[in-house]
Amino acid sequence: MAEAADFQGMSPSPARRWLRRTGALFAGAPLLAGLLQLPAAAPTYAVGQDSLKAASGSGTVAVAVDSLTPSVPSDGDTLTVSGTVTNEGKQAVTDAQVDLRLGPALNTRSDVDAVAGRTGYQEGLDGAPVGGKYVKEFSKLTPGVSQRFSISVPVDDLDLKGDGVYEFAVSLSGETSAQPWDHVLGIERTFLPWQPEGTDTKTRTTVLWPLISTAHMTAQTGSNESQTPVFRDDDLAKEISPGGRLQQLVSLGRELDVTWVIDPDLLASVDAMTDNYRVQGEGDTTTAGTHQAVANQWLAELQEAVQDKEVVALPFADPDLASLAHNGTNVTGSLNHLKEAADVAADTVDSILHVEPTTDFAWPVNGAVDPSIVKVATSAGADKVIARSDSLVETGGLPYTPSAARPIGGGTTAVVADARMSTVFQGNLTRASSSTLAVQRFLAQSLALNHQSDKQRSIVVAPQRMPTASQAQAMAEAVTALQDGTWSQSQELTAAATAKPDSGATTNVPAASKYPSSLRKQELPRSAYEQIATTQDKLNKFKVILSKEARVVTPFGRAMNREMSTSWRGRSGEAADYRNGVEAYIDSLAGQVTLIDKSETKLSGRSATIPVTVQNNLVQGVEHLVLRLTSKSPRRLEIDGDRLSEQRVAVSGGHSQTVKFPTSAQANGQATVVAQLFTEDGQPYGAPVTFDVKVTEFTATVMLVIGGGFLLLVLAGFRMYTQRKRAAARDAEENSPTESSEADGGPENQEGPEDRLTTENLLKEESGTGTRADAPEQPSDLTPDTATESADPSGTGERVDR
């Protein structure tokens, strides 16, 4: 055994393995001979991966490659591979060794996919060990225990034959008590791009860097002048705080040559957080937001990051174009909301980031398109649609991946992102091993694409809309390596869209039947757009009465844009709650302008005024309202000489106004009256108020009683006059001479002119309006008139008299 360790060309450890394998072979020879005597089994035409895995035991140990640096090595570099090996079996592994394996160069992009999809060790396909001193040995691997390894090897010792993408693997071999011979127990594959010299033609690569979030703001605002915004939750603060998803995207993206794709709603929401804002709590309560400093810091970093970079602004709140195309176009007003979202995008981005964005790109979910999606996408002004190559599939048999730009008719260009490179960074990349594999696969696909042809092409990478922090870190690592590489150069999205298209590339938009069913299941239903239309109708009726309609139209308009957001996919319950909240809030605002209920009203006499009160509990004034009073019994009670009457109404914020309607009774009894507010265009506003009016007019008997009372009053006055006259005559006889001249009045003229008083004079004297101003006041005299009737409205249920 000692001499065996000195075999030429063998290190001691491989020599021992060779002896163990030889011994196992001789020991198994009798068994093999016995098996040859058994009947022949049924022929096997293929050996599956599971069989290979069982034969090799390659599922016993998990191998994880946590880092591979540099990602794209060059001449003179030392490649360092680090990771862990974990015994996931039930038996200890002895004489374990970690090996680096270099496979053959991969000729096509499909070869890269095939290697990435393989599981388990496959003899002859997974390359030979590098061997030598570039190994890591473990005497024993205990079940359930992980061991770290790190192996560094000069690239020159790898003996790479030429430029291209190489399969690169890390394997662990060893023995177990059940299989006491050296064999591969676990393997992890990755890729090694090798392009030390620059290629003759570089691929122009555009990488989209998305800044998109979910809907956070509600339609609700404060009643103050600045309209303090109200947020559904405080989750946005977590995303923009240090270490948060959006903070990582900004921090990483500022160092990259990428095209920023931004949802203006995200900017508007963070901008609202820089000042006073509130967050919804339990029930109808709200609490003050406290993350102004974080919001200011994030915006400042973003403003710096996008300077001199291309910025593409999506329509406000990133509306779901596919949902709208499939379920919303037949609902009135849905396309108008998309147009409004597109119209406000540029101003929102410019006012906050101080850059002029590009707004002529539409981005359907996952780049999946059909004719209806393209039609909706371009209806709001976009003439370029970001599609993906797994939707707009090549059918022309091109031997290479064509450039992204494709004319699809009607002056519209489809910018087709590469599906392989765009989907690499999906899934859970929190583990270092997953992130490393994603980076290496991205780079491998890019280099393999470049080697397809000497023709220069423009390639677009459109990752998922809302990458996690770990996904963003992996993306940044890959893009950095790509930009530092020798086969690619950066390009803006606009340049990729205007590049000369390949003549053989497909330009046929797939039919609606080809749209992925998995994506259809996540779409907003038609009922969602119908509810949005209902909310818009309520807003239209409400805004026409406002003196400052912008205070309501703007927050509700943006909230309805958010109701159509792509971010609701997979969150149907939350989407419904948001829509219900917006509709309930417009109902509550509209209900602040209402008629005060009235109880039964009594009307005495043939005519009177009926007061109706309009209450405005809004903070702003309302106008352009008409109050209509209608009599349901016009033969008994008329309103201003007709069955109905209308009056214009304008009420200041926080006040009420009482409107009086003249009425006339035609007969005794009870009449039903309806008060209803209308907008100036004749649309009913709010609920009507119905009340009864009880009419009690004067009858003939009552008039006779009044007339009799007046006659008695006249007779009493005449009697008083007679008594006073007789008293005056007696006083004159006592105070004058006994003789009287003929000229002073004979028997035919007993009374002088001053004594000839008519009833009219007597009444004037009694009332104090006659010539006898010095007449003494009598207890029976009438009191002066009362003050003028108050012009204030009578309260509800009060008796109304003329």
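This chain uses plain numbering: 1 for the first residue, then up along the sequence.
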| Can you check whether Ser213 reaches Arg245 side chain to side chain, under 4.5 Å on heavy atoms? | yes

| task | Count the heavy atoms of every other residue, nucleotide or ligand shown that sit under 6.0 Å from CZ of Arg648, and state whether that count exceeds 12. | result | no

| request: Taking the side chain as every heavy atom from C-beta outward, state whether Leu266 and Ile212 have any pair of such atoms under 4.5 Å apart. | output: no

| From Asp383 CG over to Asp360 CG, what is the distance, rounded to the nearest 0.5 angstrom? | 5.0 Å

| task | Return yes if some donor-acceptor pair links the side-chain N/O of Glu523 with the main-chain N/O of Asn327 below 3.5 Å, else return no. | result | no

| query | Just checking, is any N or O donor in the side chain of Thr613 or Thr658 under 3.5 Å from an acceptor N or O on the other one? | reply | yes

| said: Please evaluate residues Val415 and Val385 with respect to the criterion side chain to side chain contact (heavy atoms under 4.5 Å, CB included), reporting the C-alpha separation (whole Å), side-chain torsions for both, the decisive distance (0.1 Å), and the verdict. | reply: CA-CA 6 Å; Val415 182; Val385 180; over 6 Å; no

| message | Does the Lys NZ or Arg CZ of Arg558 fall within the cation-pi geometry relative to Phe316 - under 6.0 Å from the ring centre and within 45° of the axis? | response | yes

| task | Examine the side chains of Gln247 and Glu239 and answer whether a donor and an acceptor come within less than 3.5 Å of each other. | result | no

| task | Look at atom CG of Asp284 and say whether more than 12 heavy atoms of other residues, nucleotides or ligands are closer to it than 6.0 Å. | result | no

| field | Considering all heavy atoms, the nearest Thr679-Lys541 contact | value | CG2-O, 4.0 Å

| Can you tell me if Arg571 uses its side chain to pair, donor with acceptor, with the backbone of Ser567 under 3.5 Å? | yes

| message | Checking side-chain polar atoms at under 3.5 Å, does Gln307 have a donor or acceptor matched by the opposite partner on Gln303? | response | no

| query | To the nearest 0.5 Å, how far apart are NZ in Lys543 and CD in Glu549? | reply | 5.5 Å

| task | Give a yes-or-no answer on whether the side chains of Ser547 and Glu623 include a donor-acceptor pair shorter than 3.5 Å. | result | no

| query | Between Ser251 and Glu301, do the side chains contain an N or O donor and an N or O acceptor separated by less than 3.5 Å? | reply | no

| query | Less than 4.5 Å apart, any side-chain heavy atom of Asp587 and any of Glu583? | reply | yes

| message | Does either side chain, that of Thr672 or that of Asp692, offer a donor lying less than 3.5 Å from an acceptor on the other one? | response | yes

| task | Dump the intermediate steps for side chain to side chain contact (heavy atoms under 4.5 Å, CB included) on Val693 and Thr663, then the final yes or no. | result | CA-CA 11 Å; Val693 177; Thr663 62; over 6 Å; no

| request: Would you check, one step at a time, whether the test side chain to side chain contact (heavy atoms under 4.5 Å, CB included) holds for Asp343 with Lys339? | output: CA-CA 6 Å; Asp343 289 343; Lys339 183 65 167 60; 3.0 Å; yes

| message | Looking at every non-hydrogen atom in both residues, tell me the closest pair between Asp318 and Asp263 and how far apart they are. | response | N-OD1, 3.5 Å

| request: Please report the C-alpha distance between Lys598 and Val673 in whole Å, then the side-chain angles of each, then the deciding distance to 0.1 Å, and finally whether the side chain to side chain contact (heavy atoms under 4.5 Å, CB included) criterion is met. | output: CA-CA 10 Å; Lys598 292 180 67 66; Val673 177; over 6 Å; no

| Asp275 versus Ser226: any side-chain heavy-atom pair under 4.5 Å? | no

| query | Between Leu335 and Ser379, is any pair of side-chain heavy atoms under 4.5 Å apart? | reply | yes

| query | Of the non-hydrogen atoms in Phe231 and Ala272, which two are nearest, and what is the gap between them? | reply | CZ-CB, 4.1 Å

| task | Any chance you could lay out the side chain to side chain donor-acceptor pair (under 3.5 Å) test for Thr274 and Gln292, step after step, and finish with the verdict? | result | CA-CA 4 Å; Thr274 60; Gln292 287 82 358; over 6 Å; no

| field | Short side-chain to backbone donor-acceptor contact, Arg636 and Ala665, under 3.5 Å | value | no

| said: Would the distance check show the side chain of Thr285 and the main-chain N or O of Glu282 forming a donor-acceptor pair, the cut-off being under 3.5 Å? | reply: yes

| message | Just verifying a value: how many Å separate Leu493 CG and Phe361 CZ, rounded to the nearest 0.5 Å? | response | 3.5 Å

| Taking 4.0 angstrom as the limit, do Arg254 and Glu304 come out as a salt bridge? | yes

| task | Could you go through the side chain to side chain donor-acceptor pair (under 3.5 Å) check for Asn336 and Gln536 one step at a time? | result | CA-CA 11 Å; Asn336 290 338; Gln536 181 64 56; over 6 Å; no

| said: Whether the Gln227 and Thr221 side chains hold a donor-acceptor pair (N or O, under 3.5 Å, no angle test) is what I'd like checked. | reply: yes

| note | Here the gap from Ser269 atom OG to Tyr277 atom OH, rounded to the nearest 0.5 Å, amounts to 11.5 Å

| request: Answer whether the closest heavy-atom distance between the side chains of Val261 and Trp363 falls below 4.5 Å. | output: yes

| said: Ignoring hydrogens and geometry beyond distance, is a side-chain donor-acceptor pair present between Asn224 and Thr228 at under 3.5 Å? | reply: yes

| said: Under a 3.5 Å distance rule, please check whether Ser631 uses its side chain to pair with a backbone N or O of Glu638 as donor and acceptor. | reply: no

| How far apart are the closest heavy atoms of Ala368 and Leu519, and which atoms are they? | CB-CD1, 3.8 Å

| request: To the nearest 0.5 Å, tell me how far Leu299 CG sits from Leu353 CG. | output: 7.0 Å

| query | Does the separation of the ring centres of Phe556 and Tyr585 fall below 6.0 angstrom? | reply | yes

| request: Please confirm whether the backbone N or O of Val250 pairs with a side-chain atom of Trp209, one donor and one acceptor, at under 3.5 Å? | output: no

| With no hydrogens and no angle check, is any side-chain donor or acceptor of Thr554 less than 3.5 Å from a backbone partner on Arg551? | no

| request: Could you tell me whether Lys375 atom NZ has more than 12 heavy atoms of other residues or ligands within 6.0 Å of it? | output: no

| Without hydrogens or angle criteria, can the side chains of Asp234 and His216 be said to hold a donor-acceptor pair below 3.5 Å? | no

| Taking the side chain from Ser565 and the backbone from Trp568, do they hold a donor-acceptor pair closer than 3.5 Å? | no

| request: Specify whether Tyr515 and His326 have parallel, tilted or perpendicular ring planes, treating 30° as the upper limit for parallel and 60° as the lower limit for perpendicular. | output: perpendicular

| query | Does any non-hydrogen side-chain atom of Val593 lie less than 4.5 Å from one of Gln615? | reply | no

| query | Does Gln647 CD have over 12 foreign heavy atoms under 6.0 Å away? | reply | yes

| Lys238 atom NZ, over 12 foreign heavy atoms within 6.0 Å | no

| message | Testing the 3.5 Å rule here: is there a donor-acceptor pair between the side chains of Gln676 and Thr630? | response | no

| note | The reported gap from CG in Asn616 to CD in Gln657 (rounded to nearest 0.5 angstrom) is 10.5 Å

| query | Centroid-to-centroid, Tyr529 to His337, below 6.0 Å? | reply | no

| request: Just do the salt bridge (charged side-chain N to carboxylate O under 4.0 Å, His left out) check on Arg579 and Glu563 with the steps written out, would you? | output: CA-CA 6 Å; Arg579 293 193 302 272; Glu563 291 178 348; 5.9 Å; no

| request: Would you check if Asp370 and Val374 make a side-chain contact, meaning some heavy-atom pair closer than 4.5 Å? | output: no

| said: Looking at every non-hydrogen atom in both residues, tell me the closest pair between Trp298 and Leu246 and how far apart they are. | reply: NE1-O, 3.2 Å

| Val695 and Ala667: which non-hydrogen atoms are nearest, and at how many Å? | CG1-O, 3.3 Å

| said: Can you see whether Asn540 engages Gln683 through a side-chain donor-acceptor pair at a distance of less than 3.5 angstrom? | reply: no

